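Below you'll find the structure, written out as structure tokens, and then a few comments.
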Amino acid sequence: MANTPIKLLIAASGTGGHLFPAMALAQELPKYDIEWLGVSNRLETQLIPQHYKLNTIAVKGFQEKFGFDTFHVLGELMISVLQVYKLLQQGKFHGVFTTGGYIAAPALVAAKILGIPVILHESNALPGKVTRFLGPWCHAVALGFQVAAQYLPKAKTIYTSTPVRSQFLDKNSIDDLDLNIPENVPLIVVFGGSQGAVGINKLVRQCVHAWFAVGAYVVHLTGNNDPEASSIHHSQYICMPFYENMAALLQRASLAVSRAGAGSLTELAICGTPAILIPYPFAAEDHQTYNAHVFTEMCAGLYYKQSELTSEVLQNKVLSLINSPKQLKQMGKKAQEIVLVDGIQKLAKLVKEVVER
């Protein structure tokens, strides 16, 4: 295999939480011949084609209740397994890497039939259904949080943390922050992951004027689905759908108000950013709450259910933290203990050991 380019199929689809760790791994394997497996109407169609060949299949996740639609999903799954089987066989791939989700099922099954090794990375504290069911089929399951191992007793697990983009590992990324924010003011960053978070946005807009009054600046990343995104105008308020250089922004932030997706939490932890976490209430199996508990148990952040959180509570808790810089500093240090700074190297080493043996 030494004289043959090693071909790796990466199956990652949907949100930034699935795509960004896979992209970080791909960048760590520059000598590999990498192709991508995704779905035609998801985020990967925007992010992947300029870097890797994107192969798409039609596959959906299973619904909670059994019904007529279940047969349709099963039919699509069987077709997608056949498609991936042909892709792997004709492409002469040496291995498959996946970050879970429903795209992982056909990739895993097809690879298993062909005897091709599979490495699955599970970023959440509560592993997803595909990971719990098919994890034992994998040659290795890499974990974003150590606590996830208890849910995978039959799988070969190894703790690697969740990979982050290279700029998050560069402590000088903060120098690239191109926003008009004075050096010595408190900065509150509000974001809801790659999809935005309208529920958080509404709460925050009721609080920001009290935060402005104590000199804080707010960078509010609203996502694209909030019709009231531009309703507040203030010199200490910067509002935009997304911001590309999140590493610089989180390194500068005094405090974040965020969802609790595993990718976002890993980025917060790497940057040492304390956070108030409001898990997405409709996440599959409430997995974001499990993620949030990892932060709260380390005293790196606070967690509130969206259904129980009022603007008054959020407003006052942020003010309390902003007025306690020592507590924020301690929370930031605790956050950094949650993740492995060399996690991407550990994951890349694992992939090489499995695929090249």
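Since we're looking at a predicted model, the values are computed, not measured.
For the pair Phe20 and Leu47, the minimum side-chain heavy-atom distance is below 4.5 Å. When side chains are defined from C-beta on, Leu152 counts as touching Thr131, because their heavy atoms get closer than 4.5 Å. His121 is listed as a side-chain neighbour of Pro163, based on a closest heavy-atom distance under 4.5 Å. Counting heavy atoms from C-beta on, the side chains of His139 and Arg357 come closer than 4.5 Å. Gln315 has its side chain out of reach of Gln206: every pair of non-hydrogen atoms, C-beta onward, lies at least 4.5 Å apart. Counting heavy atoms from C-beta on, the side chains of Cys138 and Leu108 come closer than 4.5 Å. Using a 4.5 Å heavy-atom cutoff, the side chains of Phe295 and Leu302 are not in contact. No side-chain heavy atom of Trp36 sits less than 4.5 Å from a side-chain heavy atom of Asn55.
In this structure a side-chain-to-backbone donor-acceptor pair under 3.5 Å is present from Thr266 to Ala262. Between the Arg259 side chain and the Ile278 main chain, a donor and an acceptor come within less than 3.5 Å of each other. Without hydrogens or angle criteria, Gln330 side chain to Gln327 main chain gives no donor-acceptor distance under 3.5 Å. With Thr98 contributing its side chain and Gly100 its backbone, the two residues share a donor-acceptor pair below 3.5 Å. Proximity of a side-chain donor or acceptor of Thr99 to a complementary backbone N or O of His18 within less than 3.5 Å is detected.
Linking Ile, Leu, Val, Met, Phe, Trp and Tyr residues whenever their side-chain heavy atoms come within less than 4.5 Å leaves Val204 and Val198 in two separate clusters. Tyr303 and Val189 are assigned to two separate hydrophobic clusters, defined by single-linkage of ILVMFWY side chains at heavy-atom distances under 4.5 Å. Clustering ILVMFWY residues whenever any of their side-chain heavy atoms sit less than 4.5 angstrom apart, transitively, puts Tyr159 in a cluster other than the one holding Leu169. In the hydrophobic clustering of this structure, Leu277 does not group with Leu321; members are Ile, Leu, Val, Met, Phe, Trp, Tyr whose side-chain heavy atoms approach within less than 4.5 Å, directly or through other members. Side-chain heavy atoms closer than 4.5 Å link hydrophobic residues (I, L, V, M, F, W, Y) into clusters, and following such links, even through other members, never connects Leu268 to Leu340.
Between Ala24 and Arg165, the closest heavy-atom pair is CB-N, 4.4 Å. The heavy-atom pair separating Asn291 from Gly261 by the smallest distance is ND2-C, 4.0 Å. Shown here for Ala125 and Pro127, the closest heavy-atom pair between the two residues is O-CD, 3.5 Å. Here the shortest heavy-atom pairing between Ser254 and Pro186 reads OG-CA, 3.4 Å. For the pair Thr162 and Ser123, the tightest heavy-atom approach, listed with the atom from each and the gap, is OG1-CB, 3.4 Å. Scanning both residues, Gly14 and Leu43, for their nearest heavy atoms gives O-CB, 3.0 Å.
Atom NZ of Lys7 sits in a crowded spot, with more than 12 heavy atoms from other residues, nucleotides or ligands closer than 6.0 Å. Surrounding NZ of Lys171 are more than 12 heavy atoms belonging to other residues, nucleotides or ligands, all under 6.0 Å away. Within 6.0 Å of CD in Glu312 there are 12 or fewer heavy atoms belonging to other residues, nucleotides or ligands. Counted within 6.0 Å of CG on Asn180, heavy atoms from surrounding residues, nucleotides or ligands total 12 or fewer; the atom is thus considered open.
Interatomic distance, CG of Leu203 versus CD of Gln306, reported as 6.5 Å (0.5 Å rounding). The distance from atom CD1 of Ile10 to atom CZ of Phe97, rounded to the nearest 0.5 Å, is 6.5 Å. Atom CD in Gln345 sits 11.0 Å away from atom OG1 in Thr160 (nearest 0.5 Å). We find the OH-NE2 distance between Tyr217 and His234 to be 9.0 Å, quoted to the nearest 0.5 Å. Rounding to the nearest 0.5 Å places CD1 of Ile113 at 10.5 Å from CD of Gln89. Interatomic distance, OH of Tyr52 versus CD of Glu35, reported as 12.0 Å (0.5 Å rounding).
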Asp342 and Lys349: CA distance, side-chain angles, deciding distance, salt bridge (charged side-chain N to carboxylate O under 4.0 Å, His left out) verdict:
CA-CA 11 Å; Asp342 62 345; Lys349 180 182 177 183; over 6 Å; no

Run the side chain to side chain contact (heavy atoms under 4.5 Å, CB included) check on Leu265 and Gln288 step by step: do they pass?
CA-CA 10 Å; Leu265 290 191; Gln288 287 202 7; over 6 Å; no

One pair to check against side chain to side chain contact (heavy atoms under 4.5 Å, CB included): Tyr304 and Leu314. What are the steps and the verdict?
CA-CA 9 Å; Tyr304 294 96; Leu314 179 60; 5.8 Å; no

Verify side chain to side chain contact (heavy atoms under 4.5 Å, CB included) between Leu255 and Thr273, making sure each step is shown before the conclusion.
CA-CA 6 Å; Leu255 175 69; Thr273 310; over 6 Å; no

Side chain to side chain contact (heavy atoms under 4.5 Å, CB included), that's the test. Do Leu9 and Leu88 meet it? Break it down for me.
CA-CA 8 Å; Leu9 182 67; Leu88 290 171; 3.7 Å; yes

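Of the N and O atoms on the side chains of Glu228 and Asn201, not one donor lies less than 3.5 Å from an acceptor on the other residue. A side-chain donor from one of Tyr32 and Glu356 sits under 3.5 Å from a side-chain acceptor of the other. Of the N and O atoms on the side chains of Asp176 and Ser173, not one donor lies less than 3.5 Å from an acceptor on the other residue.
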Side-chain donor-acceptor distances from residues 236-253 under 3.5 Å, at least two apart:
residue: Gln236; atom: NE2; partner: Phe212; partner atom: O; Å: 3.1
residue: Gln236; atom: NE2; partner: Ala216; partner atom: O; Å: 2.8
residue: Tyr237; atom: OH; partner: His220; partner atom: ND1; Å: 2.8
residue: Tyr243; atom: OH; partner: Asp178; partner atom: N; Å: 3.4
residue: Tyr243; atom: OH; partner: Asp178; partner atom: OD1; Å: 2.4
residue: Asn245; atom: OD1; partner: Ala248; partner atom: N; Å: 3.3
residue: Gln251; atom: OE1; partner: Ile174; partner atom: N; Å: 3.2
residue: Gln251; atom: NE2; partner: Asp170; partner atom: O; Å: 2.9
residue: Arg252; atom: NH1; partner: Val185; partner atom: O; Å: 3.4
residue: Arg252; atom: NH2; partner: Pro182; partner atom: O; Å: 2.9
residue: Arg252; atom: NH2; partner: Glu183; partner atom: O; Å: 3.1
residue: Arg252; atom: NH2; partner: Val185; partner atom: O; Å: 2.8

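A salt bridge links Glu285 with Arg132: the closest approach of a Lys/Arg side-chain nitrogen to an acidic carboxylate oxygen falls below 4.0 angstrom.
Here the rule is side chain to side chain contact (heavy atoms under 4.5 Å, CB included) with Leu187, and of Leu179, Val218, Ile322, Ile181 only Ile181 fits it.
Annotation for Tyr290: hydrophobic cluster partners, listed by chain and number, are Leu126, Tyr151 (ILVMFWY side-chain heavy atoms under 4.5 Å, direct or chained).
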